Amino acid sequence: MLKYDLHSHTNASDGVLSPSDLIQRAIEKKVNILAITDHDTVSGLNEAHAYIAQNCQQDESAPFYLINGIEASTVWENKDIHIVGLNVDIESAALLDFVNAQKETRQARAKLMAERLEKANIEGAYEGAKQFADREANITRAHFAKWLVKAGHAKNVPEVFKKYLVRGKPGYVPPPWCEMKIAIDAIHRAGGQAVLAHPIHYKLTTKWLRRLIIAFKDAGGEGMEIAYPQQSIQERRLLADLAKEYQLLTSQGSDFHYETSWLELGKNLYQLDDVTPIWCDWSLDKK
Ligand code: AMP
Ligand code: MN
Ligand code: MN
Ligand code: MN
């Protein structure tokens, strides 16, 4: 059976590995189909494809395919909602316009975060966060978190989020992102499929989760993630049932950013028998 991991990050956003190193690791972990889905950018994908072309010989018993993806930041009901786009054409003008607009939004938001931190007597946060961003990577809260830890403002990343980067805390900026439909339209115009990322992550009651799924579907989305590495079978079942009820295709991904003891590329990712995976009609040999 082929192993799919359709959500992962490189240092083109807040992942630690370069695109080449991520591909190498995915192959070592016996992932067959990997999607790179960096936050609001597709800039890591060319390097990843070049690495595969130079270093990976297709072995029929262990095929490897790279899916062009993106994780788009959007807002719904004043909450950050992430939408994964799969199989996007990375040269599509609609996608590039979208990515450029998101980059500007990220840039302005990072500056605003730094201004707010300055009011809490933390200076130099923008430059600090940038030090942790490779090349032209989009700056995320994860970059701020790493710098804040290094500068001694908290012991570790989870603590820094709680203390500074979540709603009600000094560095928090309400989601400045576009509505779901804008991201979904850009993904569709680039020939891709739109997947609601990590639905449990939003900490919604089931009633509100249903509302989110309905809004996502109304905006044109076609899939939702139901499987992550660290998850109870009950949670996977609940998400699968919601996907069935709302007639959404299902996806899975590790959301890998860097090596930890509890999360790995391809780990504990599988579908339940009664759902329709998003890849049901993909013809992989064309990619
Ligand atoms: P942003 O898209 O700039 O809001 O940053 C979101 C990223 O920050 C996520 O993709 C995670 O990588 C990271 N993140 C968010 N919340 C937490 C948290 N509580 N602890 C650690 N990392 C987090
Ligand atoms: Mn991230
Ligand atoms: Mn996410
Ligand atoms: Mn992610």
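Bear in mind the structure is a predicted one, so any value in this text is a computation, not a measurement. Reckoned from all heavy atoms, side chains included, excluding hydrogens, waters and symmetry mates. Both counts, for ligands and for their atoms, begin at 1 and track the order of listing.
The aromatic rings of H9 and H39 lie parallel to each other, with less than 30° between the two planes, well short of the 60° mark.
Protein residues with a heavy atom under 4.0 Å from ligand 1 are D14, H39, R106, R109, T140, R141, A142, V157, F161, H257.
With waters neither drawn nor counted, the protein N/O/S atoms under 2.8 Å from the Mn ion (ligand 3) amount to 3.
Side-chain contact, S251 with E225: no donor N or O sits under 3.5 Å from an acceptor N or O. Side-chain polar atoms of N138 and T41 form no donor-acceptor pair below 3.5 angstrom. Inspection of the E115 and Y126 side chains reveals no N or O donor paired with an N or O acceptor under 3.5 Å. In the model, S73 has a side-chain atom that pairs as donor or acceptor with a side-chain atom of R106 under 3.5 Å.
When ring centroids are compared, H201 and H82 stay outside the 6.0 Å threshold.
L272 forms part of a hydrophobic cluster together with I233, Y270, judged by ILVMFWY side-chain heavy-atom separations under 4.5 Å.
Residues forming a ring pair (Phe, Tyr, Trp, His ring centres under 6.0 Å) with F132 (at least two apart in sequence, or on another chain): none.
Residue E245 qualifies as enclosed at atom CD: its count of foreign heavy atoms under 6.0 Å is above 12.
The main-chain N or O of D255 is never found under 3.5 Å from a side-chain atom of S8 such that the two would form a donor-acceptor pair.
H9 contributes atom NE2 as its closest N/O/S atom to the Mn ion (ligand 4).
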